[in-house]
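Here's the structure we're looking at; comments come further down.
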Protein chains: 2
Amino acid sequence: MENVRELFQVMTKRFGLLNKNCCSVGGIEISLVQSHILYEIDRLKEPSMQQVADALAMDITTFSRQIQTLVKMNLVKKTPYPKDRRIYILSLTTEGKYVAARIDTEMNQYLNEVFSHMSEFEKETVLRSIKLLNDCMAKSSVCCKPLF
Amino acid sequence: MENVRELFQVMTKRFGLLNKNCCSVGGIEISLVQSHILYEIDRLKEPSMQQVADALAMDITTFSRQIQTLVKMNLVKKTPYPKDRRIYILSLTTEGKYVAARIDTEMNQYLNEVFSHMSEFEKETVLRSIKLLNDCMAKSSVCCKPLF
DNA sequence: AATTTTATTTGCAAAATACAAATATAAATT
DNA sequence: AATTTATATTTGTATTTTGCAAATAAAATT
């Protein structure tokens with residue numbers, strides 16, 4: 001049997017690299033962490049600070065400062081939540097949505113290119129495999145449970 | 001069709017988290033970056049500084065300083081290369097090997113646990129899928145070519 | 001021999017990180 | 001209702017990480 005971890009390590013390294021490369025779009029340049037923050041804000045609907053920080057497994061104080069930067073860059077908006085005034089709801093500004101969408105397009109473009117080297121059947125199998133993997137990881141009790 | 005990037009993002013986030021969690025073993029505590037460095041030194045046989053930095057897509061100056069730290073921690077050894085005195089060969093010390101092995105064990109343990117939620121057939125399919133994916137990513141010309 | 005290239009390190013300033021403490025508000029307890 | 005406890009977020013501060021530019025040193029090329 002091949003080394004399982006090695007397979008994962010190579011895959012995630014490549015995907016991580018792709019993520020890093022996709023951080024500069026249309027003249028705007030953001031860090032990898034910031035790109036992940038935009039992604040999560042977009043994915044979760046009207047999340048609070050704490051929710052996004054949790055989803056990214058990020059220290060809340062570091063996260064708070066990153067959000068301050070993103071607000072200054074006019075990519076993220078912080079809205080007080082009337083029902084609980086401790087909480088701020090995060091959302092993407094128009095510009096933030098644009099950046100997130102551009103990154104998403106570029107990522108999917110690359111992934112399509114990768115899948116173009118496979119048959120349709122292989123592609124379906126790979127995607128189903130990843131989905132299965134994600135489900136099983138979610139079930140696992142060894143680590144990282146609280147998240148997701 | 002589901003969102004392909006989303007699938008990858010979730011998977012790599014989980015795996016990244018696992019990597020982070022596996023950074024403290026047997027009383028020794030290292031950073032995620034340092035864990036990756038140990039892993040690559042172990043994987044490549046007698047690599048130079050530049051080779052490992054390239055494999056990790058890391059800035060060589062940052063890498064140089066990380067190596068200094070790891071040498072001080074007695075996890076990595078730097079050996080001058082006689083045939084080209086500009087070059088240093090990196091290797092793991094006994095302690096470094098121990099840490100890397102412990103991390104590897106822990107990672108594989110978790111992965112086994114994840115796969116225990118699948119049938120043997122599913123497991124084989126998933127592993128073959130990842131291998132195929134890695135091959136196709138290597139073939140791809142869109143990004144990240146120089147590496148690997 | 002002189003120039004160019006490659007490998008690595010250091011100077012330096014900016015950015016990221018995380019612990020502890022502060023603040024503000026909500027929820028629970030007395 | 002007043003007090004305590006818990007939760008969400010920010011700030012103080014010190015450490016670590018990062019990466020560009022420049023320095024150094026040794027090989028390769030001209």
Side-chain angles (χ1 to χ4, degrees), chain A residues 13 16-17 19-21 23-24 28-41 44 46-73 75-91 146-147, chain B residues 13 16-17 19-21 23-24 28-41 44 46-73 75-91 146-147:
Chain A
K13 202 200 306 176
L17 222 59
N19 253 317
K20 212 192 267 178
N21 281 2
C23 280
S24 76
I28 296 172
E29 182 91 39
I30 61 176
S31 74
L32 183 59
V33 171
Q34 290 167 346
S35 161
H36 284 146
I37 293 175
L38 296 189
Y39 178 81
E40 286 297 332
I41 293 177
L44 310 165
E46 317 212 316
S48 71
M49 303 264 300
Q50 193 66 62
Q51 280 170 334
V52 180
D54 284 350
L56 292 167
M58 250 179 108
D59 185 278
I60 183 69
T61 71
T62 305
F63 181 77
S64 171
R65 278 185 250 254
Q66 284 287 0
I67 290 295
Q68 285 170 30
T69 306
L70 288 167
V71 167
K72 270 189 217 123
M73 293 169 87
L75 298 174
V76 167
K77 204 175 99 181
K78 263 172 72 178
T79 313
Y81 182 60
K83 296 198 185 140
D84 184 339
R85 283 160 55 209
R86 292 170 298 182
I87 293 177
Y88 284 94
I89 300 297
L90 298 176
S91 58
L147 305 161
Chain B
K13 202 201 307 179
L17 222 58
N19 254 315
K20 213 193 264 180
N21 281 2
C23 279
S24 76
I28 296 172
E29 182 91 39
I30 61 177
S31 74
L32 182 60
V33 171
Q34 289 167 347
S35 161
H36 284 146
I37 293 175
L38 295 188
Y39 178 81
E40 286 297 331
I41 293 176
L44 308 166
E46 317 214 315
S48 70
M49 303 263 300
Q50 193 66 64
Q51 280 170 334
V52 180
D54 283 350
L56 292 167
M58 250 181 107
D59 184 276
I60 183 69
T61 73
T62 303
F63 182 76
S64 172
R65 277 184 253 252
Q66 285 286 1
I67 290 295
Q68 286 170 31
T69 305
L70 288 167
V71 167
K72 269 187 217 123
M73 293 169 86
L75 297 174
V76 168
K77 203 175 99 182
K78 262 172 74 176
T79 313
Y81 183 58
K83 298 201 183 136
D84 183 339
R85 285 161 53 207
R86 291 170 300 183
I87 291 176
Y88 284 94
I89 300 297
L90 298 176
S91 57
L147 305 162

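Side chains are part of it too, since the values below use all heavy atoms of this structure and drop only hydrogens, waters and symmetry mates. Proteins come first, then strands; the chains are lettered A, B, ... in the order of their sequence lines, and each starts at number 1.
- Contact between the side-chain N/O atoms of A:Q68 and the OP1/OP2 oxygens of D:dT11 is found at a separation under 4.0 Å.
- Taking atom CE of residue B:M73 and atom C1' of nucleotide D:dT16, one finds them 13 Å apart after rounding to whole Å.
- Take B:Q51 and apply the side-chain contact (heavy atoms from CB on, under 4.5 Å) test, not counting sequence neighbours, and it matches B:P47, B:S48.
- Here A:S24 pairs with A:E29 under the side-chain contact (heavy atoms from CB on, under 4.5 Å) rule; sequence neighbours left out.
- Among residues two or more places apart in sequence or in another chain, the side-chain contact (heavy atoms from CB on, under 4.5 Å) test is passed with A:T69 by A:Q34, A:M73.
- Candidate nucleotides C:dT8, D:dT11, C:dT17 were compared by shortest atom distance to the side chain of A:M58, and C:dT17 ranks first.
- Identified under the salt bridge (charged side-chain N to carboxylate O under 4.0 Å, His left out) test for residues 32-41 of chain A, with sequence neighbours left out: A:E40-A:R43, A:E40-B:K13.
- A close approach under 4.0 Å does not occur between any side-chain nitrogen or oxygen of B:Q66 and OP1 or OP2 of D:dT16.
- In terms of the side chain to side chain donor-acceptor pair (under 3.5 Å) criterion, B:T79 has no residue partners (sequence neighbours excluded).
- Summarising the geometry of B:S35 relative to B:C23, their closest heavy-atom pair is CB-SG, 3.7 Å, with the distance given to 0.1 Å.
- Within the nucleic acid shown, A:T69 has no heavy atom closer than 4.0 Å to any nucleic acid atom.
- Residues satisfying the side chain to side chain donor-acceptor pair (under 3.5 Å) test with B:R86, not counting sequence neighbours, are B:D84.
- If you measure from atom CG of A:L32 to atom C1' of D:dT18, you get 13 Å, rounded to the nearest angstrom.
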Considering only nitrogen or oxygen atoms on both sides, find all protein atoms under 3.5 Å from nucleotides 1-5 of chain D and state each distance.
none

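- With sequence neighbours excluded, the residues that form a side-chain contact (heavy atoms from CB on, under 4.5 Å) with A:V71 are A:I67, A:V76, A:K78.
- To the nearest angstrom, P of C:dA24 lies 19 Å from CD of A:Q50.
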For nucleotides 20-26 of chain D, read 5' to 3', which letter fits each nucleotide if B means a protein heavy atom sits under 4.0 Å from the base, S means only the sugar-phosphate is that close, and - means neither?
-> BB----B

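- Between A:Q34 atom CD and D:dT18 atom C1' there is a gap of 14 Å when expressed in whole angstrom units.
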